[in-house]
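Following: one structure in structure tokens, then a few remarks.
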Amino acid sequence: IGEIRRYLRDNNPIRVSRSLKDIAYKALQIRERLTRQNSKEPTISDIAKELDIDREDIVLALDAIQDPISLFDPIYQ
Amino acid sequence: MKNYMEISFLAKSENEAFARVVVASFASQLDPTIDEIADIKTAVSEAVTNSIIHGYDEDESKLVYLKCEIEDNTIKIVIEDNGNGIENIEMAKQPLYTSKPELERSGMGFTVMETFMDEMIVSSILGEGTKIVMKKTIKSNKREE
Amino acid sequence: MKNYMEISFLAKSENEAFARVVVASFASQLDPTIDEIADIKTAVSEAVTNSIIHGYDEDESKLVYLKCEIEDNTIKIVIEDNGNGIENIEMAKQPLYTSKPELERSGMGFTVMETFMDEMIVSSILGEGTKIVMKKTIKSNKREE
Ligand SMILES: Nc1ncnc2c1ncn2[C@@H]1O[C@H](COP(=O)(O)OP(=O)(O)O)[C@@H](O)[C@H]1O
Ligand SMILES: Nc1ncnc2c1ncn2[C@@H]1O[C@H](COP(=O)(O)OP(=O)(O)O)[C@@H](O)[C@H]1O
Ligand SMILES: [Mg+2]
Ligand SMILES: [Mg+2]
């Protein structure tokens, strides 16, 4: 049984949800850096270029780290 | 630039996140900033949630209809349902007004849409459905570089 | 789980990345692995590109139609155009066959779709259009953890 467990663990492929979060955090880091460098917010294409992925994929990734959508927050935060 | 898409999906709460990603990813062709994308996503979420909860009373067999049109730097988003409709639109748009306080709704959906988008028009016929038209112009790609 | 959506969009090459993400985002409800989602995205790209390039000869005013249905762990994806159609489907499906060698097409689109999805069915009527139905079962979320 231990062996089967290990097999399952070692062959547990990475979930998309996990990899999307990684992309999203990278995108946010790049945004910070570019904002500092250029004193203005980068566009989604600027970030996409640095990560070498489609703009659309960054949008999808960013949604994966969105707080559970709150219908109250946006106005009061 | 000109582009167009339309989508319909079941009125399931899972599809709220889906709808906002669809619109945001379409809007990404206008090269917005992450903040501008977040504004659009929030507005779409509110409108889609309203259709599911108020329009269809969470009947998951119903369809929500969404259209997006890009023209120059502006995205127009239309969200429609064939649900209950709104009796008094002016009252519904008031901040904090909600017809479902028992669901702990905030009553801020329309206010959020109006705040985060440049334009929002509500039309509705009682018993026939509701249509929200929103527009936002993406300014960031006009920047000089 | 059961879910459904359908979308149509202009036959513009910009919309290929969009269509890919729409399907990926819908399929993400099945909690697929990176590899599984990459397979689905690649298959959708090939089918959408075919509709744009072969179906519509890049006439950007035409619409590509896409439907997704989730049932249990299986996603069914239908991609349709009202374009030129295919005269000989068996020939078109041959690896390396392309009717547009001048565009440096690889002729591997159908082979890729068949390889990356569990099922692929092509139907087409010359002068009326083409319909691709693909299915993939996401197995990975059955694991114990
Ligand atoms: N699509 C819709 N169909 C029917 N009624 C709606 C719809 N959208 C909004 N409404 C009505 O407008 C009211 C205000 O909406 P909103 O500002 O989003 O607040 P909340 O959703 O928190 O109630 C709702 O309580 C509901 O009565
Ligand atoms: N949607 C379509 N409409 C018309 N013809 C198509 C369509 N999809 C594929 N075909 C035909 O099938 C051939 C093979 O397609 P594919 O394997 O994707 O190779 P390629 O796109 O590189 O030519 C194409 O060259 C074209 O003749
Ligand atoms: Mg609301
Ligand atoms: Mg091809």
Side-chain angles (χ1 to χ4, degrees), chain B residues 1-32 34 37 40-41 44-45 47-48 51-52 56 58-82 138 141, chain C residues 1-32 37 40-41 44-45 47-49 51-52 56 58-82 138 141:
Chain B
M1 198 211 301
K2 244 182 179 316
N3 205 346
Y4 179 77
M5 69 95 174
E6 64 179 75
I7 183 165
S8 51
F9 50 86
L10 290 178
K12 291 165 82 91
S13 58
E14 297 95 300
N15 289 340
E16 184 212 311
F18 170 66
R20 74 177 179 240
V21 168
V22 168
V23 175
S25 116
F26 195 68
S28 76
Q29 296 179 4
L30 290 176
D31 200 16
I34 289 184
I37 288 175
I40 293 173
K41 280 165 66 175
V44 169
S45 275
V48 169
S51 288
I52 295 175
Y56 292 134
E58 301 180 65
D59 175 349
E60 299 193 340
S61 69
K62 298 299 170 66
L63 289 170
V64 178
Y65 303 87
L66 201 159
K67 290 177 194 156
C68 285
E69 213 178 292
I70 287 177
E71 200 159 344
D72 298 323
N73 294 315
T74 301
I75 183 161
K76 178 173 149 191
I77 304 166
V78 181
I79 293 162
E80 264 179 287
D81 63 66
N82 301 327
I138 301 302
N141 56 1
Chain C
M1 196 207 308
K2 246 182 175 324
N3 205 345
Y4 179 78
M5 69 94 175
E6 63 178 76
I7 183 166
S8 52
F9 50 85
L10 290 178
K12 290 164 83 93
S13 57
E14 295 96 303
N15 288 340
E16 193 201 305
F18 169 66
R20 220 163 36 213
V21 165
V22 168
V23 176
S25 154
F26 196 69
S28 71
Q29 298 173 13
L30 293 175
D31 194 22
I37 216 80
I40 291 174
K41 284 168 83 174
V44 168
S45 273
V48 169
T49 307
S51 288
I52 296 175
Y56 292 134
E58 300 179 66
D59 175 350
E60 299 193 340
S61 68
K62 298 300 171 64
L63 289 169
V64 178
Y65 303 87
L66 200 159
K67 290 176 194 157
C68 286
E69 212 177 295
I70 287 178
E71 201 160 341
D72 299 322
N73 294 316
T74 300
I75 183 162
K76 178 173 149 191
I77 304 167
V78 181
I79 292 162
E80 265 182 282
D81 63 67
N82 301 327
I138 302 300
N141 56 0

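So you know, we letter chains A, B, ... as the sequences are listed, proteins then strands, and number each from 1.
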So which donor and acceptor atoms of chain C and chain B come within less than 3.5 Å of each other?
from, atom 1, to, atom 2, distance (Å)
C/K2, O, B/K12, NZ, 2.8
C/N3, OD1, B/N15, ND2, 3.0
C/N3, ND2, B/N15, OD1, 2.8
C/Y4, O, B/L10, N, 3.3
C/E6, N, B/S8, O, 2.9
C/E6, O, B/S8, N, 2.8
C/S8, N, B/E6, O, 2.8
C/S8, O, B/E6, N, 2.9
C/L10, N, B/Y4, O, 3.2
C/K12, NZ, B/K2, O, 2.8
C/N15, OD1, B/N3, ND2, 2.8
C/N15, OD1, B/Q29, NE2, 3.0
C/N15, ND2, B/N3, OD1, 3.0
C/Q29, NE2, B/N15, OD1, 3.3

Verdict with supporting geometry, B/L10 and C/M5, side chain to side chain contact (heavy atoms under 4.5 Å, CB included): CA-CA 7 Å; B/L10 290 178; C/M5 69 94 175; over 6 Å; no
Any residue meeting ring-ring contact (aromatic ring centres under 6.0 Å, His included) with C/F18, in chain and number order, not counting sequence neighbours: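 With neighbours one apart ignored, the set is B/F26.
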Part of C/V22 within contact of chain B (heavy atom distance under 4.5 Å): both
